[in-house]
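Here, residue 1 is the first one in the sequence, and each next residue gets the next number. Only heavy atoms go into these numbers, but all of them, side chains included; no hydrogens, no water, no symmetry mates.
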Amino acid sequence: MRLLLVEDDNHVAAALSAVLARHGFQVVHARSGEEALQALLPAAQEPFGVVLLDLGLPDQDGYEVCGKIRKRSAIPVIMVTARADVRSRIHGLNLGADDYVVKPYDTGELLARIHAVARRGTTGEDTGANPSAALLIGPVRIELPTRKVGVDGQEIQLTRKEFDLLALLAQRPGVVFRREQIISEVWRTSWEGTGRTLEVHVASLRSKLRLPALIETVRGVGYRLVPPSR
């Protein structure tokens, strides 16, 4: 698999490229946001399977680069940064990132996350529901064929994983989904490190839908969707 590594520190990039190469990745290194965007231009060569995007770039903010990538391509993007706060993670996910890894990270975890987002493909969009159905949960309307979500008639923009997570929970309102089950069905992986990503996606959904009580945390187990009383 070809992987685009966007990292301005040559020493970090060299060390990480060596590790990735040992695990079968063909790494292309971009040292700036502009180099990354140029590398993603349509070409005859094999497309990239994943973009590993550092946020601290010399020419433009990594968030800005992510937004530009998402406008032109559906390629999976993993943000890599030292910014560990939830707000920064949610901002990255809202821009279309598929995952978010905080430095310092374990190499095994990073590799697992890369494989997880790379497996997304067409199967990652499948929530297992009737493709012709629309789910109505109080003021929330979830259109599975078009992957659109609206609240009180107003369309809400969700990322791919946010939609998949919401659609999964909405298929069985009131039923508790175990964290492991959600991670398996939405992220197509059993890697434990994805748990933090799940929490961030839930927080982002609550914020975007403006219905914080819609997704209830069942401590020690997982999450369930609670239909609004109105």
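- In this structure, P58 and D8 approach most closely via the heavy-atom pair CD-CB, 3.5 Å.
- Within the 3.5 Å criterion, the main-chain N or O of G150 finds no donor-acceptor partner in the side chain of Q154.
- H29 contributes a side-chain N or O that, together with a main-chain N or O of E7, makes up a donor-acceptor pair within less than 3.5 Å.
- Note that CG of L20 is 6.5 Å distant from CG of L110, once rounded to the nearest 0.5 Å.
- Put simply, CG on L93 and OG1 on T197 are 7.5 Å apart, with the number rounded to the nearest 0.5 Å.
- For N94 and S204, the side-chain atoms include at least one donor-acceptor pair closer than 3.5 Å.
- Once rounded to the nearest 0.5 Å, the distance linking OG of S88 with OH of Y100 reads 4.5 Å.
- For the pair E162 and R147, the salt-bridge criterion is not met [side-chain N within less than 4.0 Å of a carboxylate O].
- In this structure the side chain of E64 never reaches within 4.5 angstrom of the side chain of L57, judged on heavy atoms.
- With respect to the salt-bridge test (charged N to carboxylate O, under 4.0 angstrom), the residues D99 and K161 do not qualify.
- One distance of note links CZ of R178 with CD of E185; it measures 9.0 Å at 0.5 Å rounding.
- Here the closest heavy-atom approach between residue L4 and residue A39 is recorded as CD1-CB, 4.0 Å.
- Side-chain contact between V51 and I78 is absent, with no heavy atoms from C-beta onward closer than 4.5 Å.
- No side-chain donor-acceptor contact under 3.5 Å links D59 to the backbone of S32.
- No donor-acceptor pair closer than 3.5 Å links the side chain of T217 to the backbone N or O of R219.
- Between the CD1 atom in I156 and the NZ atom in K148 there is a gap of 13.0 Å [rounded to 0.5 Å].
- Atom NE2 of residue H91 and atom CG of residue L55 lie 9.0 Å apart, to the nearest 0.5 angstrom.
- Counting only distance, with no hydrogens or angles, the side chain of K208 and the backbone of Q157 share a donor-acceptor pair below 3.5 Å.
- Side-chain atoms of L211 and P139, non-hydrogen and from C-beta on, do get closer than 4.5 Å to each other.
- Closest heavy-atom contact between G174 and R224: O-CD, 3.6 Å.
- Shortest non-hydrogen contact noted between P227 and P173 is CG-CB, 3.8 Å.
- The two residues G62 and L53 make their nearest non-hydrogen contact at O-CD2, 3.5 Å.
- Within a 6.0 Å sphere centred on CZ of R206, other residues, nucleotides and ligands contribute more than 12 heavy atoms.
- The closest donor-acceptor contact from the side chain of Q38 to the backbone of E35 lies at 3.5 Å or more, if one exists at all.
- Between E143 and F163 the shortest heavy-atom distance is O-CZ, 3.8 Å.
- With contacts defined as side-chain heavy-atom distances shorter than 4.5 Å, the pair R72/L41 qualifies.
- A salt bridge links R70 to D98: one of the charged nitrogens lies within less than 4.0 Å of a carboxylate oxygen.
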request  = Check the pair D54 / K103 against salt bridge (charged side-chain N to carboxylate O under 4.0 Å, His left out), numbers first and verdict last.
outcome  = CA-CA 10 Å; D54 187 84; K103 299 178 180 178; 2.6 Å; yes
